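Structure, as structure tokens:
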Amino acid sequence: MPGTPAPIPAPSREVPAIEAVDVVQRFGAKTVLRGISLDVPPGEIVGLVGANGAGKSTLLRILTGLVEPSYGRVRVFGHQPGQLAARQLTGWAPGVDRTFYLRMSGLENLVFFARLNGQRYREAVVRAEEVLAQVGLSEAARVRVGLYSHGMQKRLVLARAFLVEPKLLLCDEATHDLDPNARGQVQGLVREAVAHGAAAMWVTQRLEELRNFADRVLVLAGGELRYSGTVEGLASTAGTRRYMVTLRAGPTAQKPRPPADVVTGMATMVPVGGDRSGIDRYALTLSGDAVLGDPISALTGNGYQVLGCEEEGSGIEQAFLRLVSEGPP
């Protein structure tokens, strides 16, 4: 086909998938991003979290070339975002999408977008059918998109991101409103792409879904990058943790000491309820450098049966809220 652009060679694994240096974004008098610097190598999933208005979607739009930064340098595999070379390496799944043609089928939509990316017609049809199968939409391939459910449209967005066999995936709330099965399917597709050398930036408000999924997490707040590190590292910055502990006094001849006295110096325990069978619930807050095992061992050693122990809230969530409200550690 005359005028069809030549395929872009596969990028070197030595070149960062994303490189951003001192990126500032202003819209009129409002500054949305303040000196963001980061890099994402191939083969890594990076979670991006932040409160509404933190600048997450703006950063993704800069990486896709839809918005040009007010200041700073951004490269996608060494190319300027928005250039054909960068577009042919990037798959973008926006959180809100109104660009599909509702009177056309899912297959027709994907073929159209594949052609915009320079694919020949037959190649576009084959690739569109492949990605529809990947996201579980084969049976709906020839159904008008206007008849798709919200979840089906979310999967179609992801299918379009995979049209170019991307080396960089930018996913903005890609699993929002999906059932657990579909959510796992989507994450599995991203993992598979990353296992073959792609990189992924995964924007989410579900902090817990980053555990056992993201290699690294970035926290944006007030347009600033306030944390960059592992998910476990983020959870460890949460500081004091509180646990709900369920106890029952064991069958000892002597009445045990009150739980609060047993854990003195290691934790504080406040009763939050109980029943007539002798089962009581306490809110346990660790003190100093104590770990959970210290007060639990003390309680069992003093005649108590520990029937249950649950962390109150997510450590990741607590750390995120602290970073957003207080700033970096």
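Starting from 1, each residue takes its place in the sequence as its number. Everything numeric in this text was worked out from a predicted model, so none of it was measured.
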Are the side chain of N109 and the backbone N or O of G106 linked by a donor-acceptor pair below 3.5 Å?
no
Kindly give the heavy-atom pair with the smallest separation between A86 and V76, and that separation in Å.
CB-CB, 4.3 Å
CG-CZ distance between L247 and R281, expressed to the nearest 0.5 angstrom:
10.0 Å
Are side-chain heavy atoms of Q25 and S70 found at a separation under 4.5 Å?
yes
Does L48 belong to the same Ile/Leu/Val/Met/Phe/Trp/Tyr cluster as V24, with side-chain heavy atoms less than 4.5 Å apart forming each link?
no
What is the distance from atom CG of L163 to atom CD of E130, rounded to the nearest 0.5 Å?
10.0 Å
Over 12 foreign heavy atoms within 6.0 Å of CD, E68:
no
Which atom of L38 lies closest to which atom of L218, heavy atoms considered
CD2-CD1, 4.0 Å
Would a hydrophobic clustering, with Ile, Leu, Val, Met, Phe, Trp and Tyr connected at side-chain separations under 4.5 Å, put F27 with I36?
yes
Are L63 and Y71 connected in a single hydrophobic cluster, I mean Ile/Leu/Val/Met/Phe/Trp/Tyr linked by side-chain heavy atoms less than 4.5 Å apart?
no
Should the pair R142-E129 be classified as a salt bridge under the 4.0 Å nitrogen-to-oxygen rule?
yes
Expected output: side-chain Q134 to main-chain A159 donor-acceptor under 3.5 Å:
no
Answer yes or no: is there a donor N or O on one side and an acceptor on the other, between the side chain of T300 and the main chain of S297, under 3.5 Å?
yes
Tightest non-hydrogen contact, residues L110 and A128, listed as CB-CB, 3.7 Å
What distance separates T175 OG1 from R155 CZ, expressed to the nearest 0.5 Å?
12.5 Å
Does R115 reach the main-chain N or O of Q119 with its side chain, forming a donor-acceptor pair under 3.5 Å?
yes
Side-chain heavy atoms of M269 within contact of L299, under 4.5 Å
yes
Please determine whether side chain to side chain contact (heavy atoms under 4.5 Å, CB included) holds for the pair V164 and T90, giving the CA-CA distance in whole Å, both sets of side-chain angles, and the decisive distance to 0.1 Å.
CA-CA 7 Å; V164 297; T90 304; over 6 Å; no
With rounding to the nearest 0.5 Å, note down the distance linking CG in L137 to CD in Q153.
10.5 Å
Measuring from atom CG of L156 to atom OH of Y148, what distance do you get when rounded to the nearest 0.5 angstrom?
5.5 Å
Can you find a pair of side-chain heavy atoms, one from K154 and one from V186, that are under 4.5 Å apart?
no
Give the minimum heavy-atom separation between D172 and S57, together with the two atoms involved.
OD2-OG, 3.1 Å
Check the pair L33 / I62 against side chain to side chain contact (heavy atoms under 4.5 Å, CB included), numbers first and verdict last.
CA-CA 11 Å; L33 296 176; I62 289 173; 3.8 Å; yes
Check whether D215 reaches the backbone of I45 with its side chain - one donor and one acceptor, N or O, closer than 3.5 Å.
yes
Residue pair Q80 / R75, side-chain heavy-atom distance below 4.5 Å:
yes
Check the pair I18, L170 against side chain to side chain contact (heavy atoms under 4.5 Å, CB included), reporting the backbone distance first and the verdict last.
CA-CA 11 Å; I18 298 173; L170 302 174; 4.3 Å; yes
Starting at CD of Q187, measure out to CG of N212 and round the result to the nearest 0.5 Å.
10.0 Å
Decide whether E209 and T204 meet the rule of one side-chain donor and one side-chain acceptor closer than 3.5 Å.
yes
Give a yes or no on whether the backbone of N302 and the side-chain of R257 come within a donor-acceptor separation of less than 3.5 Å.
no
Determine whether a donor-acceptor pair (N or O, by modelled atom type, separation under 3.5 Å) exists between the side chain of K56 and the backbone of L220.
no
Any idea which heavy atoms bring A114 and A124 closest together, and the distance?
CB-CB, 3.6 Å
If Ile, Leu, Val, Met, Phe, Trp and Tyr residues are connected whenever their side-chain heavy atoms lie under 4.5 Å apart, and connections chain through other members, are L132 and V126 in the same group?
no
Could you go step by step and tell me if R73 and E19 meet the salt bridge (Lys or Arg N to Asp or Glu O under 4.0 Å) rule?
CA-CA 8 Å; R73 180 177 183 271; E19 183 184 16; 3.1 Å; yes
Dump the intermediate steps for side chain to side chain contact (heavy atoms under 4.5 Å, CB included) on L292 and L284, then the final yes or no.
CA-CA 9 Å; L292 182 59; L284 182 149; 4.3 Å; yes
Closest approach of M201 and L60, non-hydrogen atoms and distance?
SD-CD2, 3.7 Å
Test your reading of the model: is there a side-chain donor-acceptor pair from R127 to the backbone of F162, 3.5 Å cut-off?
yes
Shared hydrophobic cluster for V219 and L210 (ILVMFWY, side-chain gaps under 4.5 Å)
yes
